[in-house]
Number of protein chains: 2
Amino acid sequence: MRKGKRVIKKIEEKIKRQVTFAKRKKSLIKKAYELSVLCDVHLGLIIFSHSNRLYDFCSNSTSMENLIMRYQKEKEGQTTAEHSFHSDQCSDCVKTKESMMREIENLKLNLQLYDGHGLNLLTYDELLSFELHLESSLQHARARKQQQQQTDQKLKGKEKGQGSSWEQLMWQAERQMMTCQRQKDPAPANEGGVPFLRWGTTHRRSSPP
Amino acid sequence: MRKGKRVIKKIEEKIKRQVTFAKRKKSLIKKAYELSVLCDVHLGLIIFSHSNRLYDFCSNSTSMENLIMRYQKEKEGQTTAEHSFHSDQCSDCVKTKESMMREIENLKLNLQLYDGHGLNLLTYDELLSFELHLESSLQHARARKQQQQQTDQKLKGKEKGQGSSWEQLMWQAERQMMTCQRQKDPAPANEGGVPFLRWGTTHRRSSPP
DNA sequence: AGAGCTATATATAATGC
DNA sequence: TGCATTATATATAGCTC
């Protein structure tokens with residue numbers, strides 16, 4: 001039975017504090033879950049108990065790593081470089097990190113070209129190459145689209161046939177190969193966090209139709 | 001006035017969803033704050049709205065970066081700890097490196113799409129979006145090519161005119177804008193390592209012709 | 001968007017087991 | 001520890017402004 005208003009101040013009695021922590025943590029995670037589902041938003045919650053135990057929650061269709069990356073991307077844009085504070089501890093790590101940052105920068109610049117940004121930094125010849133490259137990309141994409149369209153139609157036609165059609169098997173095998181090829185890293189970091197597709201929707205086909 | 005139990009399912013009406021998001025987000029952050037104070041624990045909350053806006057909360061006496069580092073350290077401990085040989089001296093650096101590696105992976109996957117690799121992981125709708133995106137890219141590139149062609153011709157014609165032509169000035173201004181826009185980060189990450197243009201030559205125009 | 005209002009639904013502090 | 005109970009305090013959906 002609650003009496004009086006709750007004063008938000010550290011609970012000094014250890015037992016009470018632990019009990020309250022367990023209860024409130026549970027409902028906080030529940031609330032986070034509800035918000036993520038009701039409003040279809042991505043969110044992550046990280047809690048370290050007083051005994052340093054980790055509790056976390058992350059909305060479906062994303063991963064904490066993904067959220068962290070997006071968070072850092074946001075913050076990066078807001079503040080200027082503030083990585084200086086954890087640099088003096090291990091300079092070799094920092095160096096490697098710097099080279100990785102450069103690589104990320106370069107990759108991003110390359111991706112930006114496809115959005116039409118930075119084209120003015122290219123020579124005429126490079127623009128020509130780029131144009132040819134784009135035409136080739138377009139061909140690939142269209143070919144794949146057509147292929148998939150046909151596959152989908154065939155599948156639809158055979159929907160009530162045998163349990164697993166040739167196309168389905170091929171599709172699965174193909175996907176498995178790609179997945180295997182793309183995920184040398186055993187870490188399940190990509191389980192829900194597919195690469196962010198900047199030019200459109202963010203979800204990839206997760207199973208054959 | 002609430003009637004009946006809340007069913008936790010995505011709210012389809014956009015307006016309702018937004019209102020609920022605003023209200024629940026507010027109280028979720030409040031609850032997070034209360035838990036952190038009452039129980040004196042460290043916690044972080046990251047929320048991305050449907051419009052991709054970031055809202056976050058982090059308990060006092062720590063920072064989100066710190067929490068993220070601790071989180072990643074925990075998670076790493078849960079999976080096979082095979083990076084221990086990397087450098088146990090600065091494991092927090094390793095964590096950050098891991099997230100960077102993942103980002104690099106993602107960026108590379110996105111770039112590979114333009115080479116026609118991984119298209120089979122896209123849904124039909126995504127392929128459509130991608131196709132449209134490529135067409136737009138192509139338009140941009142062609143427009144820029146034409147623009148540069150004209151500029152080059154004019155410059156050639158006026159080569160012996162006044163020291164700085166209008167086009168040159170405009171080009172310089174444009175380039176300066178782009179450079180400025182692209183390098184919020186004051187770090188000279190691009191000093192020597194120009195982005196590697198995978199689809200052709202590797203050098204970019206470094207000065208107006 | 002955001003601020004109040006109101007009737008319910010939930011959360012939760014204290015207690016006992 | 002954890003679980004159930006219970007009396008209150010909060011949260012919140014729908015509404016108006």
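Within every chain, numbering begins at 1; the chains are lettered A, B, ... in the order of the sequence lines, protein sequences first and strands thereafter. Below, each value reflects all heavy atoms present in this structure, side chains not excepted, and no hydrogens, waters or symmetry copies.
- Atom pair Arg53(A):CZ and dT1(D):C1' shows a separation of 14 Å (rounding to whole Å applied).
- Considering only residues two or more places apart in sequence or on other chains, Arg70(A) meets the salt bridge (Lys or Arg N to Asp or Glu O under 4.0 Å) condition with none of them.
- Rounded to a whole Å, the CG atom of Leu28(B) is 18 Å from the P atom of dT10(D).
- Between the CD1 atom of Ile11(B) and the P atom of dG14(D) there is a distance of 8 Å, rounded to whole Å.
- Within the structure, the side chain to side chain donor-acceptor pair (under 3.5 Å) test picks out the following pairs touching residues 7-17 of chain A (sequence neighbours left out): Lys10(A)-Asp40(B).
- The residue among Arg6(A) and Lys16(B) whose nearest nucleotide of DNA chain D is located toward the 5' end is Arg6(A).
- Checking the phosphate oxygens (OP1, OP2) of dT10(C), no side-chain nitrogen or oxygen of Lys31(A) falls inside 4.0 Å.
- Pairs passing the salt bridge (Lys or Arg N to Asp or Glu O under 4.0 Å) check and including a residue from residues 43-56 of chain B, sequence neighbours excluded, read Lys75(A)-Asp56(B).
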Polar atom pairs (N or O), protein with nucleotides 1-7 of chain C, under 3.5 Å:
residue, atom, partner, partner atom, Å
dT6(C), O2, Met1(B), N, 3.4

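- Contact annotation: Arg24(A) reaches the phosphate of dA13(C) (side-chain N/O to OP1 or OP2, under 4.0 Å).
- Listed by chain and number, the residues in a salt bridge (Lys or Arg N to Asp or Glu O under 4.0 Å) with Arg142(B) are Glu131(A), Glu135(A) (sequence neighbours excluded).
- Interatomic distance, Leu119(A) CG to Gln148(B) CD, rounded to the nearest 0.5 Å: 9.5 Å.
- Identified under the salt bridge (Lys or Arg N to Asp or Glu O under 4.0 Å) test for residues 20-33 of chain B, with sequence neighbours left out: Glu34(A)-Arg24(B).
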